[in-house]
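Have a look at the structure below before the remarks.
Naming convention: chains lettered A, B, ... in sequence-line order (proteins, then strands); numbering from 1 in each chain. If you're wondering where the values come from, they're calculated on a predicted model, not measured in any experiment. Just so you know, these numbers use all the heavy atoms, side chains as well, and skip hydrogens, waters and symmetry mates.
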Amino acid sequence: MSDRYDPHAIERHWQARWEADRLYSVTEDESREKWYALTMFPYPSGDLHTGHWYAMVPSDVAARYRRMRGYNVLFPMGFDAFGLPAENAAIRRGVDPAEWTAANVERMRGQLRLMGAGFDWEREVVTSDPLYYKWTQWWFLQLYRHGLAYRGEAAVNWCPGCQTVLANEQVVDGRCERSDDVVERRFLTQWFFRITAYAEELLRFEGVEWPERVKTMQTNWIGRSEGATLAFPVDVPDVEEPLRVFTTRPDTVYGATFMVMAPEHPLARRVTTPAQHDLVEEYQQAAARATEIERLSTEREKTGVFTGAYAVNPFNGRRIPIWVADYVLVTYGTGAIMAVPAHDQRDFEFARKYGMEIIPVFDHPDVDTSRPLEQAFPRGVRMINSGPFDGVPDDEAFAQVVAFARANRIGEPTVTFRLRDWLISRQRYWGAPIPIIHCAEHGIVPVPDADLPVLLPEHVRFEPTGQSPLTQIEEWVNAPCPIDGRPARRETDTMDTFMCSSWYQMRYVDPHNPERPFSQEKARYWLPVDQYTGGAEHSVMHLLYTRFFWKAARDMGLVDGDEPMKRLYNQGVILGPDGNRMSKSRGNVVAPDEQVERYGSDAFRCQLMFVGPWDQGGPYNPTGMAGIVRWLNRVWSLATDEPDLTDVPAAAETRALRRATHKTIAQVTADMESFSFNTLISRLMEHASAMQRAREAGPVDAAAWDEAVTTMLLLTAPLAPHIAEELWERRGREYSVHTATWPTFDAELARDQEVEIVVQVNGKVRDRLVLPADVGEAEAREAALASERVREWLDGREPRRVVYIPGRLVNVVM
RNA sequence: GCCGAAGUGGCGGAAUGGCAGACGCGGCGGUCUCAAAAACCGCUGGGGGCAACCUCGUGGGGGUUCGAAUCCCCCCUUCGGCACCA
């Protein structure tokens with residue numbers, strides 16, 4: 001091997017060596033503390049891009065650092081391999097999704113290896129592999145047995161482009177998160193997971209160190225509201241059941257002047273009078289045709305129609321009209337509301353448009369309640385127009401009204417969530433089949449565990465029809481009933497791919513177990529994940545689902561603890577050099593394979609970390625690569641070209657070099673802990689400059705020089721693993737630098753002997769003094785006042801005040 | 001509309017109550033060279049001054065403080081999330 005830094009030669013060499021030595025393979029070791037580091041696994045699109053590198057490299061650096069700190073580190077990688085792109089490729093180009101996926105996985109594995117990351121490839125999981133999805137199906141059956149999976153009819157989100165239903169979380173602004181098509185509403189019978197059973201617990205984030213942003217997003221998504229359900233009898237012949245409404249403001253019940261039902265409300269047809277029938281039906285049909293976007297637009301003026309029916313306010317016996325309007329959502333609360341226009345702006349707008357009465361039931365110092373209101377006002381001082389409750393103060397009103405409702409059996413306190421159950425059915429081929437058989441005799445029958453996996457049939461035609469392609473495979477669909485063996489039919493829907501990724505972190509602990517999803521023993525050692533990293537786009541999908549899965553698994557006795565991921569970090573988005581998202585059409589794509597080809601993996605890794613704080617992302621700077629390449633060349637030179645060596649441990653130059661080395665250890669360690677990789681690299685650059693100056697200046701103490709070089713290689717190892725390993729070997733150190741121990745710093749050696757004290761006059765810097773590091777306050781003040789520059793500015797006057805900040809500055813105020 | 005994050009040289013960024021611009025890119029000057037590249041050294045926010053220095057300067061405006069990029073209030077811009085959830 002040449003004596004010049006040749007990244008390609010050493011990177012190839014060490015990648016092969018590490019693999020041959022199984023350097024990154026780990027097993028349980030009770031004698032050592034474990035650290036489970038996980039970065040989100042990629043979808044095998046067929047091309048690893050810079051975004052993947054940006055997400056994975058710092059995650060690898062942090063895992064390597066933990067390993068050097070003595071932890072037994074699990075850092076696995078795999079592929080989230082089910083999903084629509086494979087199926088779309090099959091439709092377009094006639095290739096088999098399994099073959100397409102396998103080829104992509106193969107290619108991306110190779111690209112990932114170029115990164116030189118310390119992944120334990122022996123633990124790789126591929127979610128579309130029957131050996132994996134057997135257990136995804138097993139989870140489905142477990143959830144079913146525990147009452148957490150059920151089949152039900154509901155208004156669901158239908159994506160016409162993907163020809164399948166979507167979970168609520170996959171709908172963004174009324175459009176499909178994946179294809180951007182406008183989502184339609186359909187009433188279908190589908191499989192759901194009862195995530196709402198954990199709604200309350202999912203709001204608690206005890207013992208997790210997650211970004212506030214993610215916790216807030218999940219909290220808002222779950223959307224907990226405290227209120228009451230009130231029952232309004234309906235004044236319609238033959239309708240016995242009352243109209244139930246959920247309200248967060250039961251204290252405004254005397255101000256209810258009309259009721260509103262969602263167009264899809266089951267009682268709507270039954271209460272409508274014959275005279276209003278056509279009008280209501282027409283309105284319902286129009287609402288059904290409207291897209292989610294149209295319906296959810298807050299800009300749009302509210303519309304509605306009168307049913308002709310009346311409800312009775314159970315508090316005061318007042319008859320109030322029942323309307324149907326699409327600003328009330330059938331999916332939330334009870335699908336019907338009591339409208340209090342005086343105190344709710346939406347109801348106010350509706351009341352004003354349709355001439356409904358507006359009765360304020362609170363007084364307010366800024367509102368003249370005897371005159372028509374200009375707008376709704378949510379809160380007031382005391383209740384008015386509320387019969388026996390008149391005079392009750394605002395902050396007691398809720399409790400008193402609810403207590404009354406409860407005592408008179410007309411209502412009760414209720415907590416409602418915005419979160420809906422997780423719809424997991426997909427009318428597509430490339431996913432794990434739902435392991436259920438529909439029997440005419442026995443209904444829904446789970447496939448017995450022993451018959452898992454339910455394999456996807458091969459050679460399937462993919463015309464998107466709105467039904468799963470599996471429905472057309474007669475020989476697959478027809479299956480005997482597990483109970484009596486008589487002809488029955490398989491469930492033809494497949495599972496949402498988010499299900500595959502909801503438990504993959506568990507499978508990594510025991511990826512080849514043929515008997516169980518994982519052994520309890522291994523799970524107890526490795527789980528939960530200590531540090532998870534990934535993109536913020538998964539804040540309310542993957543991360544909410546995986547918390548739900550974990551809690552369900554905990555309640556089944558399969559895992560310990562309440563949370564799957566102790567620490568979470570969201571990296572930012574790496575952009576093209578022009579500041580836009582990288583895309584082929586913009587022509588601003590930075591291809592990692594090309595960067596590795598030109599500069600080497602180590603340089604590309606470092607440049608990605610050097611562009612800025614990891615959580616901020618930002619434009620990739622290709623010209624900045626020159627600085628990183630220079631630095632790596634300098635590291636090479638410092639480790640291979642010795643200065644003139646001598647033995648002067650007590651010399652000032654020796655102390656200065658050792659001080660630089662120990663300060664660098666302290667700073668780099670702190671930056672590792674806080675994921676501040678950009679400043680970490682700048683510290684190493686400074687250290688290299690200090691070493692270079694020392695080398696040029698004359699003979700260097702041999703021990704101090706060796707300490708500096710050794711430290712430099714150890715601190716560089718997680719960032720640039722190949723060059724560090726190569727130079728480690730060239731210096732005759734024991735293989736491998738990656739299993740060596742992270743250096744510790746000596747505070748005494750790192751301490752400065754002198755400090756520069758800034759001297760200010762009225763807050764402006766006028767002088768600097770170099771004083772001993774242990775200078776006392778009195779001496780510092782005295783030195784500052786004695787300064788020639790300060791005397792000039794004081795011009796004979798007495799300072800009003802002198803502020804001293806130890807070791808930093810003196811401010812003379814006049 | 002609501003919630004959150006951010007706004008600093010030509011560029012990426014550093015500094016989270018105490019020297020604004022660490023480190024790097026780019027630029028300018030120099031060493032080396034027949035020359036160029038590479039490497040190395042020096043300088044590099046604006047204005048004024050021969051200089052020592054002075055002055056302005058962290059999106060805009062106000063405030064707190066001996067001292068503010070940093071804390072508080074108002075506004076502007078950009079990005080992210082949510083958005084008729086009763």
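- For A:K663 and A:E686, the salt-bridge test fails: no basic side-chain N is under 4.0 Å from an acidic carboxylate O.
- At whole-Å resolution of the value, CZ in A:F417 and P in B:rA86 are 12 Å apart.
- Atom CD of A:Q345 has more than 12 heavy atoms from other residues, nucleotides or ligands within 6.0 Å.
- In this structure, A:R420 places its CZ atom where more than 12 heavy-atom neighbours from other residues, nucleotides or ligands lie under 6.0 Å away.
- Comparing the C1' positions of B:rA69 and B:rG57 gives an interatomic distance of 11 Å, to the nearest angstrom.
- The main-chain N or O of A:T661 is never found under 3.5 Å from a side-chain atom of A:T711 such that the two would form a donor-acceptor pair.
- Stem analysis of RNA chain B (Watson-Crick or G-U pairs, both distances under 3.5 Å, runs of at least three) returns B:1-7 with B:76-82, B:10-12 with B:23-25, B:26-31 with B:39-44, B:45-48 with B:53-56, B:59-63 with B:71-75.
- If you take atom P in B:rC66 and the same atom in B:rA51, they sit 37 Å apart, rounded to whole Å.
- Between the side chain of A:N570 and the backbone N or O of A:G534 there is at least one donor-acceptor pair closer than 3.5 Å.
- The separation between A:Y5 atom OH and B:rA39 atom P is 14 Å, rounded to whole Å.
- When atom types are taken as modelled, the side chain of A:T252 and the backbone of A:V340 share no donor-acceptor pair closer than 3.5 angstrom.
- Projected onto RNA chain B by closest heavy-atom contact, A:G223 and A:G617 fall at different nucleotides, the more 5' of which corresponds to A:G617.
- Side chain of A:E412 to backbone of A:T229: no donor-acceptor contact under 3.5 angstrom is found.
- Atom CG in A:L544 sits 13.5 Å away from atom OH in A:Y198 (nearest 0.5 Å).
- The distance between atom CZ of A:F677 and atom P of B:rG13, rounded to the nearest whole Å, is 17 Å.
- Within 6.0 Å of CD on A:E782 lie no more than 12 heavy atoms contributed by other residues, nucleotides or ligands.
- To the nearest angstrom, P of B:rC82 lies 13 Å from CG of A:L544.
- To the nearest angstrom, C1' of B:rC41 lies 15 Å from CZ of A:R695.
- Taking the six-membered ring where the residue is Trp, A:W323 and A:F350 present perpendicular rings, their angle passing 60° and hence far from 30°.
- Under 3.5 Å, the side chains of A:S689 and A:R634 contain a donor-acceptor pair of N or O atoms.
- Judged by distance alone, with hydrogens and angles left aside, the side-chain atoms of A:D394 form a donor-acceptor pair with the main-chain N or O of A:G380 at under 3.5 Å.
- If you take atom P in B:rA20 and the same atom in B:rG26, they sit 28 Å apart, rounded to whole Å.
- Look at CD on A:Q571: it is 21 Å from P on B:rC79, rounded to the nearest Å.
- The OH-P distance, from A:Y804 to B:rG17, rounds to 19 Å in whole Å.
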Quick one: side chains of residues 800-814 of chain A, donor-acceptor pairs under 3.5 Å with protein atoms, not counting sequence neighbours, listed by atom name and distance.
unit_1, atom_1, unit_2, atom_2, d
A:Y804, OH, A:G807, N, 3.4
A:N811, OD1, A:G763, N, 3.0

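- Straight-line distance from the CG atom of A:L680 to the C1' atom of B:rA14: 14 Å, rounded to whole Å.
- Comparing the C1' positions of B:rG81 and B:rC28 gives an interatomic distance of 46 Å, to the nearest angstrom.
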All N/O pairs under 3.5 Å across the protein-nucleotides 65-68 of chain B interface:
unit_1, atom_1, unit_2, atom_2, d
B:rC66, OP1, A:R801, NH1, 3.1
B:rC66, O2', A:N811, ND2, 3.4
B:rC66, O2, A:N811, ND2, 2.5

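- Aromatic rings from A:F306 and A:Y354 are positioned such that their centres are separated by 6.0 Å or more.
- Positionally, the nearest nucleotide of RNA chain B for A:P619 lies more toward the 5' end than for the other of A:V758 and A:P619.
- Of the charged side-chain nitrogens involved, none lies within less than 4.0 Å of a carboxylate oxygen, so that A:R693 and A:E696 do not count as a salt-bridged pair.
- Contacts of A:Q616 with the nucleic acid, taken as non-hydrogen atoms under 4.0 Å apart, are absent.
- Among the protein residues, A:R213 comes within range of no part of the nucleic acid, since none of its heavy atoms lies under 4.0 Å from any strand.
- For the P atoms, the distance linking B:rA6 with B:rC71 amounts to 9 Å, nearest Å.
- Residue-level contact check: A:S225 touches the backbone only, with heavy atoms under 4.0 Å from sugar-phosphate atoms and none from bases.
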For nucleotides 43-50 of chain B, give me every protein contact, N/O to N/O, under 3.5 Å, one pair per line with atom names.
none

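- Aromatic rings of A:W614 and A:F675 (six-membered ring for Trp) have centroids within the 6.0 Å cut-off, being under it.
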Step by step, would you call A:T414 with A:R244 a side chain to side chain donor-acceptor pair (under 3.5 Å)?
CA-CA 12 Å; A:T414 307; A:R244 291 180 190 282; over 6 Å; no

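- The closest side-chain donor-acceptor pair between A:Y283 and A:T303 falls under 3.5 angstrom.
- Of the C1' atoms belonging to B:rU16 and B:rA38, the separation is 41 Å, rounded to the nearest Å.
- In this structure, B:rG9 is classed as syn because its glycosidic torsion stays within 90° of zero.
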Under a 4.0 Å heavy-atom criterion, the protein footprint on nucleotides 23-32 of chain B, written with B, S and -, is BSSS------

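- Nucleotides B:rG7 and B:rG60, compared at atom P, are 13 Å apart to the nearest Å.
- Between B:rG24 and B:rG17, the two C1' atoms lie 28 Å apart (nearest whole Å).
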Under 3.5 Å, which protein N or O atoms sit close to an N or O of nucleotides 51-56 of chain B? Give each pair with its distance.
unit_1, atom_1, unit_2, atom_2, d
B:rC54, OP1, A:R766, NH1, 3.0
B:rC54, OP1, A:R789, NH2, 2.9
B:rU55, OP2, A:R766, NH1, 3.2

